[in-house]
Asks: 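Below is a structure I'd like to ask you about.
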Amino acid sequence: MSQATMVHDVLSGKLAVKDVVTLKGWVRTKRDSKAGLSFINLHDGSCFNPVQVVAPNSLNNYDEDVLALTAGCSIEVTGEVVESPGKGQAFEIQATEIKVIGLVEDPQTYPMAPKRHSMEHLRQYAHLRPRTNIIGAATRVRHTLAQAAHRFFHEQGFYWITTPIITGSDAEGAGEMFRVSTLDMANPPLTDKGEVDFSKDFFGKETHLTVSGQLNVEAYCLAMSKVYTFGPTFRAENSNTSRHLAEFWMIEPEIAFADLNEDAQLAEDFLKYIYKAVLDERADDMEFFAKRINKEAISRLETFINSSFERIDYTEAIEILKKSGKKFEFPVEWGLDLQSEHERYLCEEHVKNPVVVTNYPKEIKAFYMRLNDDNKTVAAMDVLAPGIGEIIGGSQREERLDVFDARLKELDLPAEDYSWYRDLRRYGTVPHAGFGLGFERAVCYATGIENIREVIPFPRVSNNADF
RNA sequence: UCCGGCUUAGCUCAGUGGUAGAGCAAUCGGCUGUUAACCGAUUGGUCGCUGGUUCGAGUCCAGCAGCCGGAGCCA
């Protein structure tokens, strides 16, 4: 690939005035001046702002090509970097040559016309929406968060474990699953009992898309000490909200010889690290989000990374909610799970910052969570963020085989389904803990974008797998 | 899955049972080192689909579809 100059190189001042460069990109807007020139705003994804290209009518293809340019056209521009005499940009390109690479077929119906569009409209054009300010900015922030996540773990001595996407385990216990099968659905092989015979299926058993890499990553944790997963996750739940996707990316660190406190500290350090990276590296995009999406987009991240998370025991949280004097739609009672409205009160009104709620009643939490000494609660935590709700769910895992087996029995789960997971408790077991972070929710929090479908390139939700 | 709402021009939306509207975009013209410029004009419609009520339905009713918001589930 040729070392093409990017818009970012020009606007950042990396290039010297009078350097002759060739830029390739897409037209965002064009303004013609009868003074004998046109102004073209060109973007190529390398940064938030487009570069202004000044096209004089002395160009030999000015009338036929330059005047015909509309939003979305792709062009190649050669010209000199100059200081801009106009307001709004320090540098611009004085074009000496403009080549049209691709015109827009019908400017009137081009879906990304230079005007305000609704998010629903952009979603219907998921293949064209990355050309817009907001999706471009969200894409860069998403990238920065992903890179920062890997960098954080790497610097802390974690190993990235790629856990399987297709799972033969029906014990992940985190929700409805998508089946993976090569059987002929119209005419499947049947057992004597008349049920579908999955022993004839591709893997010789029933398989699904993973709902969590946690159980697998625990195995690597109990050998490599500090590990994490970062990959796609699938939930076949018919949940229709701005916070859920059928396909999303999850980050799940797991640390050995650690308890819930260290887990919560890890979550805090991690979130602060990735959000600091966004503030440091994507100032241009964040400025846009603060201006157009959420006025507090930048300030709340600054507050976030400069204050320590409040930690509240579940039992304490119940007391706070009871004493709040607020009228809640759902009851507040020890033993009941916290509802969205309760979580929102805790982090948005009571603390006004992210809050870690710990030690939930065992009845409302998963089988693998470690039983506390009170025999009533488990060492679980939720990190709640204002505006998003639950951004992280984690726990210390039950490492004691006898306690784990008792818990399985209590929940009527067959021990044979957990044979390899039990092995981890039979051979050199150690206390360990981890959490799951919904990556898209983290992107929502960073950008202030409210709907999770805007922060993943091609969202998959029930009834919609277009593109 | 449940509750509520919406569906009218390329887009965003007005529209009181009686001739289909605006802004933006697009096109044309004017003006201008312009900044999602400004001024003027023009083009653009099976009012989501099916049925019903009515002399008459974009408007009222029913069904269906799609989308949006909230809830549940969760990350």
Side-chain angles (χ1 to χ4, degrees), chain A residues 27-41 43 49-56 67-68 70-72 82-89 92 94 104-125 132-133 172-176 211-214 229 232-252 267 292 329-330 337-341 343-344 364-366 382-385 388-394 435-445 450-453 456 461-464 466:
Chain A
V27 173
R28 171 131 321 127
T29 60
K30 179 186 62 115
R31 295 170 295 280
D32 301 320
S33 166
K34 279 299 178 305
L37 60 160
S38 292
F39 299 97
I40 300 164
N41 278 2
H43 70 96
N49 286 118
V51 68
Q52 174 157 283
V53 174
V54 180
L67 287 182
T70 56
V82 298
E83 285 179 25
S84 178
K87 286 175 188 162
Q89 61 281 317
E92 63 187 24
Q94 185 68 39
V104 165
E105 197 176 275
D106 178 9
Q108 190 183 343
T109 56
Y110 178 55
M112 298 296 118
K115 56 167 274 140
R116 274 194 94 94
H117 293 286
S118 65
M119 290 300 151
E120 298 82 64
H121 175 72
L122 297 184
R123 225 173 280 152
Q124 286 167 39
Y125 296 92
T132 62
N133 281 333
E172 289 176 351
E176 293 295 306
V211 293
S212 165
Q214 182 199 312
T229 71
T233 309
F234 308 87
R235 304 271 167 95
E237 252 130 39
N238 189 10
S239 46
N240 207 304
T241 79
S242 56
R243 307 182 304 283
H244 291 86
L245 293 164
E247 176 182 290
F248 64 100
W249 286 62
M250 192 147 66
I251 297 173
E252 297 171 288
R292 291 295 177 86
E329 192 188 334
F330 290 90
D337 206 356
L338 299 179
Q339 302 293 321
S340 289
E341 55 175 349
E343 297 181 343
R344 224 176 296 127
I364 57 173
K365 288 292 178 183
D382 282 356
V383 179
L384 312 176
I388 305 292
E390 186 179 339
I391 190 170
I392 281 179
F435 63 80
L437 166 83
F439 184 56
E440 283 75 19
R441 287 187 183 176
V443 182
C444 281
Y445 189 74
E450 287 182 0
N451 197 312
I452 201 163
R453 296 166 203 192
I456 189 167
V461 295
S462 75
N463 260 313
N464 192 346
D466 291 342

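Keep in mind that what you see is a predicted model, and the values were worked out from it rather than measured. So that the names make sense, note that chain A is the first sequence line, chain B the second, and so on, each numbered from 1.
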Asks: From A:H121 NE2 over to A:M112 CE, what is the distance, rounded to the nearest 0.5 angstrom?
Replies: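 Atom-to-atom, A:H121:NE2 and A:M112:CE are 4.5 Å apart.
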Asks: Rounding to the closest angstrom, what is the interatomic distance between B:C31 and B:A22 at atom P?
Replies: 27 Å
Asks: Whom does B:C6 pair with, Watson-Crick or G-U wobble, provided both distances fall under 3.5 Å?
Replies: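 For B:C6, the partner nucleotide comes out as B:G66, under the 3.5 Å rule.
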Asks: Considering only the P atoms, how many Å lie between B:C64 and B:C2, rounded to the nearest integer?
Replies: 12 Å
Asks: Rounding to the closest angstrom, what is the interatomic distance between B:A65 and B:U46 at atom P?
Replies: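 Going atom to atom, P in each nucleotide, I get 24 Å.
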Asks: Does A:S38 reach a base, just sugar-phosphate, or nothing at all? Heavy atoms under 4.0 Å.
Replies: nothing
Asks: What integer number of Å spans the C1' atoms of B:G18 and B:G56?
Replies: 7 Å
Asks: Both distances below 3.5 Å, Watson-Crick or wobble geometry, any strand: find the nucleotide opposite B:A57.
Replies: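 Partner of B:A57: none found under 3.5 Å.
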Asks: Of all the nucleotides listed (B:C73, B:U35, B:G10), which has the minimum atom distance to the side chain of A:R243?
Replies: B:C73
Asks: Could A:R123 and A:D466 be called an ion pair, given the rule that one side-chain N must be under 4.0 Å from one carboxylate O?
Replies: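 The answer is no: the pair does not qualify as a salt bridge.
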Asks: Report the base-pairing partner of B:A22 (Watson-Crick or G-U wobble, both distances below 3.5 angstrom), or none.
Replies: B:U12
Asks: Distance from A:R243 atom CZ to A:I452 atom CD1, nearest 0.5 Å?
Replies: 9.0 Å
Asks: Give a yes/no on whether any side-chain N or O of A:N451 is located under 4.0 angstrom from OP1 or OP2 of B:G69.
Replies: yes
Asks: According to a strict under-4.0 Å criterion, is A:R31 in side-chain N/O contact with OP1 or OP2 of B:A36?
Replies: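 Checking A:R31 against B:A36: no side-chain N or O falls below 4.0 Å of OP1 or OP2.
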Asks: Find the distance A:L37:CG to B:U32:C1' and express it as a whole number of Å.
Replies: 10 Å
Asks: Side chain of A:N240, heavy atoms from C-beta onward: which of B:U1, B:G72, B:G33 has the nearest atom to it?
Replies: B:U1
Asks: For A:I391, which contact category applies under a 4.0 Å heavy-atom criterion: base, sugar-phosphate, or nothing?
Replies: sugar-phosphate
Asks: Is there a donor on the side chain of A:E92 or the base of B:G33 sitting less than 3.5 Å from an acceptor on the other?
Replies: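 Under the 3.5 Å cut-off, the side chain and the base do form a donor-acceptor pair.
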Asks: Taking atom P in both B:A36 and B:G21, what distance in whole Å separates the two?
Replies: 33 Å
Asks: Using atom CE of A:M112 as one end and atom C1' of B:A26 as the other, report the distance to the nearest whole Å.
Replies: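 From A:M112 CE to B:A26 C1': 16 Å.
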Asks: Taking the minimum atom-to-atom distance to the side chain of A:F330, which one of B:G72, B:C24, B:G66 wins?
Replies: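 For the A:F330 side chain, the nearest candidate turns out to be B:G72.
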Asks: Taking 4.0 Å as the cut-off, does a side-chain nitrogen or oxygen of A:S340 come that near to OP1 or OP2 on B:G72?
Replies: yes
Asks: Could you check which nucleotide pairs with B:G45 in any of the strands shown, counting Watson-Crick or G-U wobble with both distances under 3.5 Å?
Replies: none
Asks: Between the side-chain atoms of A:E237 and the base atoms of B:U1, is any donor-acceptor pair under 3.5 Å?
Replies: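 By the distance-only test, no, there is no pair.
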Asks: Both distances under 3.5 Å, Watson-Crick or G-U wobble: report the partner of B:G17, or none.
Replies: none
Asks: With a 4.0 Å cut-off on heavy atoms, is A:G86 in touch with a base, just the backbone sugar-phosphate, or nothing at all?
Replies: base
Asks: Could you check how far CD of A:E120 sits from P of B:G69, rounded to whole Å?
Replies: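 For the pair A:E120 CD and B:G69 P, the rounded distance is 6 Å.
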Asks: B:G72, OP1 or OP2 - any side-chain N/O from A:Q339 closer than 4.0 Å?
Replies: yes
Asks: Could one point to a donor on the side chain of A:H244 or the base of B:C74 with an acceptor on the other under 3.5 Å away?
Replies: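 Such a pair exists between side chain and base.
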Asks: Of the candidate nucleotides B:C11, B:G33, B:C68, which contains the atom at the shortest distance from the side chain of A:R453?
Replies: B:C68
Asks: May I ask you to say what A:S242 touches in the nucleic acid, namely base, sugar-phosphate or nothing, with a heavy-atom cut-off under 4.0 Å?
Replies: sugar-phosphate
Asks: To the nearest 0.5 angstrom, please state how far the CD1 atom of A:I364 sits from the CG atom of A:L338.
Replies: 6.5 Å
Asks: Give the rounded distance in Å between these two atoms: CG of A:N238 and P of B:C74.
Replies: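 Distance check: A:N238 CG to B:C74 P gives 15 Å.
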Asks: Would you call A:K34-A:D32 a salt bridge at under 4.0 Å N-O?
Replies: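 No, A:K34 and A:D32 are not salt-bridged.
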Asks: Nearest heavy atom decides the nucleotide; on that basis, is A:G88 or A:H121 closer to the 5' end of RNA chain B?
Replies: A:H121
Asks: Considering just the side-chain nitrogens and oxygens of A:R344, establish if one lies under 4.0 Å of OP1 or OP2 belonging to B:A71.
Replies: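 Checking A:R344 against B:A71: at least one side-chain N or O falls below 4.0 Å of OP1 or OP2.
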Asks: Whole angstroms only, please: what is the CZ-C1' distance between A:R28 and B:A25?
Replies: 16 Å
Asks: Which value, in whole Å, describes the distance between the P atoms of nucleotides B:U7 and B:U16?
Replies: 12 Å
Asks: Which whole-number value in Å describes the distance from A:F39 CZ to B:C38 P?
Replies: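 Going from A:F39 (CZ) to B:C38 (P), I get 15 Å.
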Asks: To the side chain of A:S239, which of B:U35, B:G72, B:G33 is closest?
Replies: B:G72
Asks: Of the nucleotides B:G10, B:U32, B:C74, which has the atom closest to the A:K34 side chain?
Replies: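 Per side-chain heavy atoms of A:K34, the pick is B:U32.
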Asks: In whole angstroms, how far is the C1' atom of B:G29 from the CG atom of A:D32?
Replies: 13 Å
Asks: Name the nucleic acid region contacted by A:Q52, choosing base, sugar-phosphate or nothing; use a 4.0 angstrom heavy-atom cut-off, strictly under.
Replies: base
Asks: Rounded to whole angstrom, note down the C1' distance from B:U53 over to B:C60.
Replies: 8 Å
Asks: Inspect the surroundings of CD in A:E247 and state if more than 12 heavy atoms from other residues, nucleotides or ligands are less than 6.0 Å away.
Replies: yes
Asks: Hey, does A:P107 reach any base, or is it just sugar-phosphate, or nothing, if we go heavy atoms under 4.0 Å?
Replies: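 A:P107: backbone/sugar contact only, no base atoms under 4.0 Å.
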Asks: Please state how far atom NE2 in A:H117 lies from atom C1' in B:C13, giving the value in whole angstrom units.
Replies: 15 Å
Asks: Would you tell me whether A:E450 and A:S242 have side-chain atoms, one donor and one acceptor, within less than 3.5 Å of each other?
Replies: no
Asks: Which residue, A:T109 or A:N464, contacts RNA chain B at a nucleotide closer to its 5' end, judged by nearest heavy atom?
Replies: A:T109
Asks: If you measure from CD on A:E252 to CG on A:L437, what distance do you get to the nearest 0.5 Å?
Replies: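 So the gap between those two atoms works out to 9.5 Å.
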Asks: Would you classify A:N41 as touching base, sugar-phosphate or nothing, given that sugar-phosphate means primed atoms plus P, OP1 and OP2, and contacts are heavy atoms under 4.0 Å?
Replies: nothing
Asks: Among A:V54, A:L67, A:V53, whose side-chain contact (heavy atoms from CB on, under 4.5 Å) with A:S38 holds?
Replies: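 Single pass found, and it is A:L67.
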Asks: Taking the C1' atom in each of B:C13 and B:A25, what is the distance between them to the nearest angstrom?
Replies: 14 Å
Asks: Which is true for A:Q94 with a 4.0 Å heavy-atom rule: it touches a base, it touches only sugar-phosphate, or it touches nothing?
Replies: base
Asks: So, is A:R116 close to the B:C13 phosphate, meaning a side-chain N or O under 4.0 Å from OP1 or OP2?
Replies: no
